[in-house]
Amino acid sequence: MKNPPRLNFAHLPTPIEHLSRLSEHLSAQLYVKRDDQTGLAFGGNKTRKLEFLVAEAQTQGAKTLISAGAAQSNHCRQTAAAAARYGFDCILVLTGDEPDQPSANLLLDKLFGARIVWVTDRNDRDRILQQAYEQSLASGGVPYLVPYGGSSPTGALGYTFALEELMAQDSSFDWIIFATSSGGTHAGLTLGKRLFGFDGQILGISIDEDENWLKSHVSTLASDASALLGEREKFSLTDVQATDAYCKAGYGVLTDLEREAVQLFAKYEGLLLDPVYTGRAAGGMFDLIRKGFFKPTDKVLFWHTGGTPSLFADKYSFEIV
Ligand SMILES: *Cc1c(COP(=O)(O)O)cnc(C)c1O
């Protein structure tokens with residue numbers, strides 16, 4: 001297997017913890033993999049991807065990292081932090097209207113010194129992103145475009161090796177459940193399962209994307225990531241498990257599903273989820289447990305993908321009941 005360039009700034013391996021009180025409450029066998037503790041600026045799943053992406057940017061001699069996302073993007077926050085740490089300039093193209101007071105992830109983006117370009121209309125995002133890239137080039141810069149959510153084949157490698165890490169810790173899980181959106185985490189885990197022989201099943205709970213789009217996108221990403229390792233693994237739709245049953249409300253729209261999940265994790269385990277990603281994924285997992293989707297003997301690993309700073313975002317505040 002080839003060894004693509006990688007930086008080592010994540011705090012690895014992240015711990016696995018048994019969720020004993022939640023397990024008892026729900027009559028299930030629940031564990032959590034703490035990728036909210038990857039160490040970079042409050043952690044999260046983008047850290048593992050950025051180990052490969054920032055290394056690629058360095059290899060290309062880049063001086064500026066450019067990326068895009070929602071106003072409260074966890075990916076943009078971690079990209080800005082990695083840029084600061086490795087001496088890159090950072091430009092972030094964020095969708096929405098600039099708030100009077102930055103909070104949560106946006107506050108952190110600014111603290112890390114990122115320059116922010118606002119796009120009101122989401123349909124203009126690609127054009128503005130391209131513009132930022134070309135302006136940087138024209139002014140003599142060497143920009144590197146970090147893809148949405150860090151989900152290129154290069155970024156996905158972070159989760160291929162995360163699966164290897166899991167196997168060294170405990171290979172006995174029957175299910176891995178996690179929040180999926182731009183597909184890099186999903187693709188990396190899917191490739192890792194094949195390469196490192198994980199026997200359990202991997203189910204992504206979609207945050208905002210259609211199930212069929214995810215299956216097709218994730219399988220392509222996994223095949224392309226395999227090529228970066230000099231392997232020839234090929235993936236098709238049937239190699240990817242995903243459900244879009246829990247995202248009908250739309251991206252970042254909180255419902256009882258997310259609110260209940262965030263509060264259950266907090267009250268039973270003293271553990272924080274975020275309202276947008278992990279709250280929705282955990283809510284979906286709880287619904288599957290209640291419907292009897294898992295066997296009572298199944299060991300279920302909830303892979304925590306981070307995002308906890310957005311608990312403090314004004315736009316996601318909610319009433320605790
Ligand atoms: C980005 C993100 C995800 C989704 O990961 P993808 O690799 O983009 O599918 C899940 N959870 C959190 C907290 C995230 O920030």
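All values reported here derive from a predicted model rather than from experimental measurement. Counting starts at 1 for both ligands and their atoms, following the listed order.
- Residue contacts with ligand 1 for Asn45 involve side-chain atoms from C-beta outward but no N, CA, C or O (heavy atoms, distance under 4.0 Å).
- Checked against a 3.5 angstrom limit, the closest N/O atoms of His75 and ligand 1 fall outside it.
- The protein non-hydrogen atom at the shortest distance from atom 2 (C) of ligand 1 is Lys46 NZ, 2.4 Å.
- For the side chain to side chain donor-acceptor pair (under 3.5 Å) with Gln241, the lone residue among Gln201, His186, Glu211 that qualifies is Gln201.
- Taking the six-membered ring where the residue is Trp, Phe302 and Phe265 present tilted rings, their angle falling between 30° and 60°.
- The shortest N or O to N or O distance between Asp274 and ligand 1 is not below 3.5 Å.
- Relative ring orientation between Phe161 and Phe52 is described as parallel, the plane-to-plane angle staying below 30° on a 0-90° scale split at 30° and 60°.
- Judged by the 6.0 Å and 45° rule, Arg77 forms no cation-pi pair with Phe42.
- The closest protein non-hydrogen atom to atom 9 (O) of ligand 1 is Ser181 N, 2.7 Å.
- Taking the six-membered ring where the residue is Trp, Trp303 and Tyr159 present perpendicular rings, their angle passing 60° and hence far from 30°.
- Annotation: Thr305 places an N or O atom under 3.5 Å from an N or O atom of ligand 1; distance criterion only.
- Here's the thing with His186: none of its N/O atoms is less than 3.5 angstrom from an N/O atom of ligand 1.
- Ring orientation note: the planes of Tyr31 and His18 are tilted relative to one another, at an angle of 30° to 60°.
- Distance from atom 8 (O) of ligand 1 to its nearest protein heavy atom, with residue and atom name: Ser182 OG, 2.5 Å.
- Considering backbone and side-chain atoms together, Thr185 places an N or O closer than 3.5 Å to an N or O of ligand 1.
- Within the structure, ligand 1 has Gly183 among the residues with a heavy atom less than 4.0 angstrom away.
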